There are 2 protein chains.
Amino acid sequence: MDKNNRSSTYVLKQAKLSNTKIRKSILEFLMENHGPFSIDEIHKQIFDCDYATVYRCIKKFEECAIVSRCDFGDNISRYEYKDLNHHHHHIICRSCHKISTVEYCFLKEMEKMLTDQGYKDVSHALEFFGICQECQN
Amino acid sequence: MDKNNRSSTYVLKQAKLSNTKIRKSILEFLMENHGPFSIDEIHKQIFDCDYATVYRCIKKFEECAIVSRCDFGDNISRYEYKDLNHHHHHIICRSCHKISTVEYCFLKEMEKMLTDQGYKDVSHALEFFGICQECQN
DNA sequence: GTTTTTGCAAATTGTTTGCAGACCA
DNA sequence: TGGTCTGCAAACAATTTGCAAAAAC
């Protein structure tokens, strides 16, 4: 269940994805645990499931906007369940790579807040994505 | 020359990196062209230079904060010269992957501005990086 | 019963490494 | 000259693909 009380089965149905044992397991893991998680971490959690399958499922989930991909600059893709009612960002330690959640959302203020919390040398990476005019036709 | 009139040789010296032909070429390419560029794109521009060398140079540049790495969610790392006087972000078309520069810097307003410019379905990815308290000791 | 998904193994792609020779200071 | 950088080839790691069997609808 997510914060809107939606079950994994419901979410899969909504996305028009077939409800297989493995998809259900992966989605449930992502819904119940606050990531983001690497493919490796997801694979470890799912009993008897091939890496290729994890990749394929996550790709589907991403296409259907069920999960979103995070990049923390270490060449490892991480994924988390896209809880629509819970917009947030992350703060990653450049040394130990611990991931924490940042609830607040204004750049300058956020950086100051993180500094106040004890983080040193805070920076950020921000990219926008959209469909450009040429591609809309 | 960058916006502060700094030459590639000067920038390398400042960073305490030796001034080799290849490093100079790569840095000049990055200073004169507004990226970000993939390793592949950089490699194409540098005459008679091995991929391994491009990777090694860029890694050095990144360590010395001469370039910064961008991730656009397609598993390709891109790099651009870190022009200190030119803080900006990017807008990437989810369809054709064209990269444009976003000069303005406030999230909501930026997204609105991009929509006004004709981009559809604009979203963003933002991550913070810092050194957490435990790692500061 | 047809379509979609999965496991397996192999291929592909992006990145890193060891080493000997070339280059820089 | 001594240390650093480079090219080459090989290693490695993350991701993707083809195909036949299994599961979903």
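Being a predicted model, the structure only gives us computed values, none of them experimental. Letters A, B, ... are given to chains in the order of the sequence lines, protein chains preceding strands, and every chain is numbered from 1.
- Rounded to an integer number of Å, the gap from K59(B) NZ to dT6(D) P is 15 Å.
- To the nearest angstrom, P of dC5(D) lies 17 Å from NZ of K24(B).
- With hydrogens and angles disregarded, a donor-acceptor distance shorter than 3.5 Å links the side chain of H43(A) to the backbone of C49(A).
- Between the NE2 atom of H43(A) and the P atom of dT6(C) there is a distance of 13 Å, given to the nearest Å.
- The CD1 atom of I26(A) sits 11.5 Å away from atom OG of S8(A), with the distance rounded to the nearest 0.5 Å.
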* Asked: Step by step, would you call R69(B) with D71(A) a salt bridge (charged side-chain N to carboxylate O under 4.0 Å, His left out)?
  -> CA-CA 11 Å; R69(B) 181 178 170 282; D71(A) 177 82; 3.3 Å; yes
Under 3.5 Å donor-acceptor pairs involving side-chain atoms of residues 54-68 of chain B, not counting sequence neighbours:
none

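- Judged as a side-chain contact (heavy atoms from CB on, under 4.5 Å), and not counting sequence neighbours, the contacts of S7(B) are M1(B), T9(B), Y10(B).
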* **Stepwise side chain to side chain contact (heavy atoms under 4.5 Å, CB included) check, M31(B) with V11(B)** => CA-CA 10 Å; M31(B) 285 172 92; V11(B) 172; 3.9 Å; yes
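- Residues satisfying the side-chain contact (heavy atoms from CB on, under 4.5 Å) criterion with E32(A), sequence neighbours excluded, are E28(A).
- When the P atom of dC5(D) is taken as reference, atom CG of D48(B) falls 19 Å away, rounded to whole Å.
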* Structure fact -> Per-nt protein contacts along nucleotides 18-25 of chain C (heavy atom under 4.0 Å; B base, S backbone sugar-phosphate only, - none) come out as B-----SS
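- There is a side-chain donor-acceptor pair under 3.5 Å between D40(A) and Y51(A).
- Note: CD1 (I26(B)) to C1' (dC5(D)) measures 12 Å, nearest angstrom.
- Distance CZ (R69(B)) to C1' (dT15(C)): 12 Å, rounded to an integer number of Å.
- Distance, K60(B) NZ to dT15(C) P: 19 Å, rounded to whole Å.
- To the nearest 0.5 angstrom, K24(A) atom NZ is 12.0 Å from I46(A) atom CD1.
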* **Secondary structure of DNA chain D in dot-bracket form (Watson-Crick or G-U wobble, distances below 3.5 Å, | marking inter-strand pairs)** => |||||||||||||||||||||||||
Report each atom pair, protein N/O against N/O of nucleotides 13-15 of chain D, whose distance is under 3.5 angstrom.
from    : atom 1 : to     : atom 2 : distance (Å)
dT15(D) : OP2    : Y55(A) : OH     : 2.4
dT15(D) : O5'    : Y55(A) : OH     : 3.2

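- In this structure, the nucleotide among dT6(D), dT6(C), dG7(C) sitting nearest to the side chain of T53(B) is dT6(D).
- With dC8(D), dT16(D), dC5(D) as the choices, the nucleotide that has an atom nearest any side-chain atom of D50(B) turns out to be dC8(D).
- The hydrophobic cluster containing I39(B) does not contain I76(A), counting ILVMFWY residues as joined when their side-chain heavy atoms lie under 4.5 angstrom apart, directly or transitively.
- F29(B) and L17(B) fall within a single hydrophobic cluster, where Ile, Leu, Val, Met, Phe, Trp and Tyr side chains are chained together by heavy-atom contacts under 4.5 Å.
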